[in-house]
Structures are given as C-alpha cells and as structure tokens.
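Order of the sequence lines fixes the chain letters, A, B, ..., with proteins taken first and strands second; residue numbering starts at 1 for each chain.
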Amino acid sequence: MLAFFLVRLRLAALVLFVVSLFAFGLLKLSGGDLATTLAGENATAEYVQFLRTQYGWDRPILEQYFVWLGHVLSGDLGKSFYFGGSVTTIILDRLPVTVTLGTMAVLLALSVSVPLGVIAAVRPGSWIDRLVQAFALGGQAMPTFWLSFLLILFLGINLQLFPISGAGSLAHYVMPAMALGYSAAPAFVRIVRGGMIDALAADYVRTARAKGLGTGKILFKHALKNALVPLVSVAAVQFGFMLGGSVVIETVFAMNGLGYLAWESITQSDYPVVQAIVLTVSIFYVLLTLAADLLNAYIDPRIRLR
Amino acid sequence: MIKYTAAAGQSDIDAPRLVTRLKWAAVNVALLGSLISSDAATAGKADDTLNVGFRLQLQSLDPFYSPGREGLLLAFWIYDNILYRDPVTFEFKPLLATAWQQVDDKTIDLTIRQGVKFHDGSVMTADDAVYTLNFVANKANNVFNNSIFDWIERAEKTPDGKVRLYAKAPTPTALEFLAKIPIYPQKYYERVGKEGMGTEPVGTGPFRGKRGPNNTVVLTRFDDYFADSPKPKPAIKTVVYRPVPEVNTQVAELMTGALNWAYYIPEDQAAKLRGVKNLKVVNAESMRIAFISFDAIGRASPDTPLKNKKVREAISYAIDRNALAKNLIGASSRSLDSVCYPPQFGCTDDVRKFAYDVAKAKALMAEAGYPNGFDIEVLASRSRPVADAIIGYLAAIGIRGKLQFLQYPAVVEKRRSNQAALVIDDWGSSSINDTSAMVDSFFRNGPDDYTKDPAIIGALDKASKTLDVDVRKAAFKDMLQRVANEAYWLPLFTMPINYVLSADVEMPVSPDEVPEFYRARWK
C-alpha cells in the first residue's frame with residue numbers, strides 16, 4: 001500500500017508541476033499586454049513602460065517563471081493588480097463560499113441520484129427506469145447557465161421562493177446548488193443504477209431474500225451498501241470538479257466564491273489571481289483524485305497490484 | 001416482497017410502499033426548503049434602502065487604490081472632490097474649494113472651504129488638502145487612475161491659508177481633474193493607511209461608507225453634511241452597492257425588486273424591461289463615442305490601400321451611421337461628423353461631412369484603383385453586432401474585411417505594435433469635458449497615432465500649452481477639420497447607456513456616467 005501511495009504521490013506532484021507551467025504560460029499567451037491593461041485607458045506610454053519594469057515583465061520569460069514559482073512554493077501567491085491585496089488572503093477569503101456550494105451541490109445530487117438510481121435498478125427497462133434515465137440525460141445535456149436562468153425565472157421571479165443573487169444566507173445557496181448538483185447527478189445515477197443491478201443479481205441478495213428479509217433491508221442494507229462503494233470515489237472527483245467548475249454558477253448568482261473571483265480576475269486581466277485560482281483548484285482536484293485512488297485501492301486490493 | 005428473476009436480471013419489489021416513502025421524502029425536502037428560504041426582496045421604499053447593482057465589486061473603499069470607474073465613483077459618494085462639475089451644464093462650482101485662481105500658467109491657488117467636517121468629526125483644513133495633493137503627486141505612492149493626478153508637481157500652503165498647486169506644465173484641463181480629486185483627512189490616513197481607508201473610509205461626502213456582507217458596500221446618509229454643497233444631503237437614508245456580475249441576473253433582481261437601480265443594461269434586455277410595470281428604463285447619452293480609425297501612414301503595412309485618401313473617403317461614404325445608431329445602439333444615440341463628443345470644450349461639427357452614399361463610395365474605390373476591392377483585417381472589441389454590420393457595409397463596396405474580435409487590451413497592444421490597419425473603436429474621454437481628452441492619445445504623435453500629421457500635432461501642441469480659451473478653440477477646430485478633410489477617422493455615433501430604475505425611484509442621469517445617489521428620492 002505504501003509503494004502504491006508513493007507512486008501516486010509522485011504522479012500527483014508531476015501533474016502539479018505541469019499545471020504550474022500551464023498556469024504561468026496560459027496568460028502569457030492569452031493576448032493583451034498586462035502593463036497596458038493595468039495602466040488603464042488614458043495612461044501614457046511612459047507609465048505603461050514604468051509598470052512593465054516595476055513588475056518585471058521585461059525580464060526573460062524563464063526568469064519570470066522561476067521567480068514566480070519560488071514565491072508560490074513559499075506560500076506567496078503574489079499581489080492582486082485589481083484588488084490590491086495579497087492573493088493568498090483573497091483566495092482564502094473566497095474559498096468557504098465555493099466549498100459550501102460544492103458540498104451542498106454534491107449532497108443534493110447524491111440525495112436525488114441515489115434513490116433514483118435504486119428505483120431505476122429495481123425495474124430496469126420499465127417506464128420509471130426510462131424516466132430516470134431521461135432525468136440523467138437532461139442533467140448531462142443541459143448547460144448549467146441555462147438551468148440557472150430557468151431556476152431564477154421560476155423559483156426566483158415567479159414564486160419568489162429564494163433570493164436570486166448573493167451568498168448571505170443558506171437560502172442563497174439553494175438555487176446554485178440545484179443547478180450545479182444537477183450537472184453532477186447523471187454520473188451518480190448511472191453508477192448507483194449499474195451497481196444496484198449487479199448487486200440485485202448477486203448470490204447474497206438471493207440468500208437474503210430466501211431468509212425472508214423485507215424489501216427495505218434487502219435494497220438499502222445489503223444491495224445499496226455494495227453499490228455505493230464506487231460512488232464514493234466518483235463523488236470525490238465530482239466535488240473537485242465542482243470547486244473549479246462553478247465559475248458560471250457563481251457568476252450568474254453573484255456568489256462571492258472562487259468561481260466568481262476567477263471571472264472577475266479574467267475580466268480585469270488580474271494575472272496573479274487567475275494563476276492562483278488555477279493552481280488552487282488544480283491542487284484540490286489532484287488531492288481529491290489521489291484520495292479517491294487510495295480509497296479505491298484500500299477497498300479493492302487488486303488495484304494496488306496493477 | 002421481492003420477486004426476483006435471475007435470468008432477466010430484473011426484480012419486482014413492493015413498489016407502492018417505496019413510492020409512499022419517496023413522497024414523504026419529497027414533503028420533507030419541501031419543508032426544509034421553506035425553512036431555509038428567506039424573503040428575496042426586502043429592499044426598497046419600506047426600509048428607505050436603495051439597492052443598486054454594479055457589475056464589479058469594490059475591493060477597496062479608498063478611491064486612490066480602487067481601480068476603474070467604480071473606484072472613481074467612490075470619490076463622489078463617500079468623499080467630496082475639490083471642485084464640482086455640474087452634470088448638466090458642465091460648469092465648475094465650488095465644492096471643497098470655495099474659490100480658485102490661476103496665478104500663472106502652472107500655478108493655481110485654491111481657497112479651501114471652512115467648517116466642513118469629516119465623517120470622524122474632525123474639521124477639514126488646508127493642511128489636509130496640501131497633504132492629499134502631495135500624496136497623489138508622489139509617484140512612489142502608485143495611486144490608481146494615474147492620468148488624473150500625474151500633472152501635479154506639488155502643493156503647499158500659502159501664508160494666507162490658501163493651497164498653492166504647482167503643475168508640471170500648463171494644464172488646460174486642471175479644473176476637470178480637480179473635480180475628480182477628493183481631500184483626505186491627513187491624520188486619519190497617516191494612521192490607518194490605504195488598508196484602513198479601504199475598509200473604514202473617512203471622507204466629507206454625503207454618505208458614510210462601510211463594508212457590508214457578501215462584498216456589498218453600505219452607504220449611509222451623513223447627517224452633518226455641509227449645507228452649502230452643490231451636492232444635496234441624500235433624501236434616501238441608505239444605499240447598498242451590490243456587485244452582480246451577470247447582466248441577466250441584474251435584470252432578474254430588478255424585476256423582483258431586490259435591485260432598485262442598475263446601468264449599462266444592453267439594449268435588447270432594456271427593450272424587454274420597457275414593458276415591465278414596476279420598472280422604468282432611461283436611455284441617456286454618455287461621453288463615449290464610437291469611431292473607425294484608419295492606418296493612414298502604413299504603420300501596419302507599407303502598401304496598405306488605407307494610405308490612399310480616396311479609399312478612406314470611400315469607406316466613410318459607405319457606412320450608414322444613422323442606421324447603426326438607431327438600430328443597434330439606442331434611441332438616444334446620434335451619428336457624429338466630428339471626432340469628439342459635442343459638448344466637449346473645443347468640439348465643433350463645422351467639418352466636412354460624409355453622407356451615406358454607396359454609389360459615390362464605389363466610384364471613389366474605382367478612382368483609387370480598387371474597383372474589385374481588397375482584403376483587410378478589421379479589429380473590434382466592443383459590440384459584435386456593430387462590427388458585423390460594418391463588415392457588411394464594407395463588403396458592399398468590395399472590401400473583404402476579416403474581423404478579429406478581441407479583448408480591448410489586445411486591440412491596444414496590436415495598435416501599439418503596428419498591427420492595426422482598421423479599428424472599430426470607442427473612447428470615453430474619462431468623462432473629461434475637453435476635446436484634448438478625446439484626441440490627444442490618438443493624434444499627438446503617441447504610440448496610438450496612425451496619422452502622424454504634423455499639422456494636427458502642431459495644433460494639439462498649441463492647445464495643450466496655453467490656457468487661452470480662444471487659441472485652444474481655434475486649434476481644436478483646425479485639427480478636427482483636418483481629420484475630416486483627410487478622412488483619417490470616421491466618427492460613428494454617441495454611445496448612450498441604459499439605466500433601469502424601480503418605478504418608485506426618481507433620480508437624474510447625466511452624460512458623465514456618475515450616478516448621483518444623493519439626488520435619488522422615492523416617489
């Protein structure tokens with residue numbers, strides 16, 4: 001297990017190194033001169049040059065990368081052009097909103113997907129199974145921004161059930177979590193459905209039935225327990241995806257999280273913040289994937305031998 | 001009871017019982033929803049709170065370190081500037097300075113108003129003014145919106161208690177700038193610095209400011225606001241600045257009443273909101289104007305057809321600017337003949353005019369030696385529909401425009417690195433009511449100048465080095481006429497913006513795009 005852990009850890013470190021190159025290189029190649037952007041519309045060419053020198057953008061690119069990497073490794077993500085303060089502080093300030101939203105979305109998706117997956121598996125091919133599959137297909141096909149606006153229209157404007165924008169109370173998270181959760185639900189539904197179909201065909205379920213156990217016990221205590229194992233690792237990865245993938249949702253609902261920060265920073269060409277967000281989200285994603293791998297390896301020892 | 005058929009892989013369960021359980025689950029979820037739901041629209045007249053939506057958030061409440069337009073606006077709400085520019089007449093009025101006198105070309109004396117209180121109760125003095133002006137003039141302080149401050153050399157207090165301001169060079173637009181510079185309390189700012197001012201600002205303005213939850217800024221009426229100010233004491237007690245980045249969400253919030261005011265609402269959205277009962281839409285002009293610039297000297301390519309005056313004239317005749325203004329921009333938009341915003345000092349429309357005439361344009365293309373047109377790269381960054389329409393107009397006279405729709409900074413970079421043959425552009429003059437703010441960057445031999453015309457450069461130099469009103473007017477007229485005669489640029493139209501307000505709010509709008517919330521009142 002330790003050897004497996006070390007191999008995965010090395011891989012994760014390699015991925016993070018590539019991500020650092022990508023984060024640094026992405027904005028350098030994105031078009032638009034940073035000094036010009038920072039200086040503003042009416043700035044003189046001398047002032048633009050002054051900024052270019054001050055921020056070291058006139059130095060060789062490789063030198064710029066290593067200086068930046070050195071700071072990152074010491075926990076200094078730089079200073080925001082737009083907000084003025086430390087990028088580390090800004091990121092830490094925004095993280096709770098995104099984590100809360102991601103957690104609510106995953107929980108919401110699981111609370112809907114697991115029962116639906118079970119129902120669909122109980123009668124595969126039936127109309128109810130098809131209905132569940134249609135629900136899953138909808139989640140996969142529907143763009144999150146469109147669903148967000150539908151929710152705003154029906155629950156926000158027509159019924160006035162939930163506040164439309166902001167993150168001031170738990171109520172503010174309901175519609176964004178629904179929109180974000182629905183995009184994750186299809187994967188969960190399919191895994192639960194597939195797992196349940198396999199489990200219900202297994203010998204131990206037949207034995208449980210022969211013992212005269214009730215429907216609930218067979219479904220939820222025996223079959224579902226086994227069907228849920230792969231769901232744990234998928235949910236972990238989906239959670240990582242949500243931390244990075246909530247840019248649209250947070251922007252639409254004006255939630256003060258990392259996604260909204262990403263949008264703002266890209267709009268303002270706030271170079272250090274965009275880099276830091278890409279890095280932070282990637283680290284989360286890599287760590288969650290690593291955790292999911294280890295969990296799988298712990299549950300299923302065959303994986304360690306591959 | 002489960003009936004299980006192993007071969008088919010199907011099972012039959014006690015479905016009705018399961019459905020009943022799911023129904024209960026659904027009821028529980030609904031109950032949970034009702035428990036955590038809150039009233040979406042608590043805002044408005046009932047609690048005397050005006051909720052205003054902006055796209056960007058204000059990270060700092062210190063305008064010197066709060067970038068962009070929103071940062072500049074703070075100086076009007078929480079602070080007072082040295083002078084006040086009337087938003088209707090553009091006339092300068094006393095604000096924190098009761099009088100100003102041009103001592104010589106580079107020196108201005110300011111008489112600072114007595115008895116004005118800062119929000120912390122301290123009294124504003126000439127020392128505070130001297131401190132603030134020297135602070136922004138000091139390059140090491142690296143204040144944002146640098147172009148407003150970089151003309152100041154230094155300031156000092158005169159023996160008779162006035163503030164003497166030294167400019168680096170004669171600055172005809174000095175009063176425009178002074179109408180954008182607030183006065184800070186020296187002792188407080190020295191103690192708390194930009195971080196402290198950024199979170200707990202102290203100004204003299206009609207509103208006290210403080211941070212609210214979720215990146216809002218809460219502006220509360222300052223009851224000790226001085227009576228002689230040209231800015232009235234606010235009628236509405238509280239204004240909440242809410243950052244809502246997505247315009248569709250802003251629109252939804254306006255419809256529910258959670259927002260009472262928003263601006264820069266695109267025309268297609270505004271058109272829909274015009275039919276909504278609890279809202280009103282005001283389409284009002286701003287100082288921003290749109291134009292097309294041509295590479296008249298071959299900076300982008302030595303053999304560009306745009307060096308030929310006849311080609312530039314042909315393009316100028318080929319575009320129906322009235323149709324663009326009315327159909328794509330808004331009812332208040334008007335087409336322009338001169339490359340300046342009409343009320344700006346020195347702006348005149350006494351210039352050569354290009355009426356829409358495709359036949360004439362085609363004839364000019366033939367005369368220029370391009371009867372079959374040519375290919376050209378077109379840069380644009382603001383409005384895709386306008387850019388597409390212009391590409392269509394160019395195609396009608398044979399010019400095959402290849403549109404590159406980019407972010408604005410990318411366009412600037414291309415222009416400065418000799419890659420901008422034809423640009424569909426716009427400029428807001430930083431709301432400065434002087435033609436120099438519109439044309440200096442583009443025609444005075446700077447990195448954005450694609451004409452480098454000595455006559456124009458000479459005229460602009462003359463206008464920048466004197467405070468003589470008549471000399472400046474004449475210089476601008478010469479310059480604007482030459483731009484039109486040579487068809488260096490094609491001015492397109494003014495760019496009004498849409499303001500959307502709750503129907504029960506009354507608030508004036510002005511071309512300088514400064515929302516004066518202290519003038520807002522409930523109906």
Problem - Atom group of B:Val412 that falls short of 4.5 Å from chain A, counting heavy atoms - result: side chain

Fill in the blank from the handout: Answer key: most heavy-atom pairs under 4.5 Å with chain B among A:Ser111, A:Ala167, A:Gly168, A:Gly212 is A:Ala167

Handout entry: Where B:Val244 and A:Tyr260 come nearest, the two heavy atoms and their spacing
Key = N-OH, 4.4 Å

Exercise for the section: Select one option (side chain, backbone, both, neither) describing which atoms of B:Asn142 are under 4.5 Å from chain A's heavy atoms. Expected result: side chain

Practice task
Check whether any side-chain heavy atom of B:Asn248 sits under 4.5 Å from a side-chain heavy atom of A:Phe145, and report yes or no.
Solution key: no

Problem - Atom group of A:Ile157 that falls short of 4.5 Å from chain B, counting heavy atoms - result: both

Handout entry: Heavy-atom neighbours of B:Lys168 NZ exceed 12 at 6.0 Å
Key = yes

Problem - chain A contact via B:Pro213 - side chain, backbone, both or neither, heavy atoms under 4.5 Å - result: neither

Handout entry: Side chain to side chain, B:Asn215 and A:Arg94, heavy atoms closer than 4.5 Å
Key = yes

Practice task
Using a 4.5 Å cut-off on heavy atoms from C-beta on, say whether the side chain of A:Ser165 contacts that of B:Arg242.
Solution key: yes

Handout entry: Euclidean distance, B:Leu259 CG relative to A:Ile164 CD1, rounded to 0.5 Å
Key = 9.0 Å

Exercise for the section: Check A:Ile152 against B:Ala252 and note the closest heavy-atom contact, atom names and distance. Expected result: CG2-CB, 3.4 Å

Exercise for the section: Check whether B:Lys194 gets within reach of chain A through its side chain, its backbone, both or neither, counting any heavy atom under 4.5 Å. Expected result: side chain

Problem - Side-chain donor-acceptor pair present, A:Thr251, B:Glu246, cut-off under 3.5 Å - result: no

Handout entry: Exercise: identify the closest heavy-atom pair between B:Pro245 and A:Ala254
Key = CD-CB, 3.5 Å

Handout entry: Other residues, nucleotides, ligands: >12 heavy atoms within 6.0 Å of A:Phe154 CZ
Key = no

Fill in the blank from the handout: Okay, B:Gln57 and chain A: the region with an atom under 4.5 Å from a heavy atom over there is both

Handout entry: Which atoms of B:Arg55 approach chain A - backbone, side chain, both or neither, heavy atom under 4.5 Å
Key = both

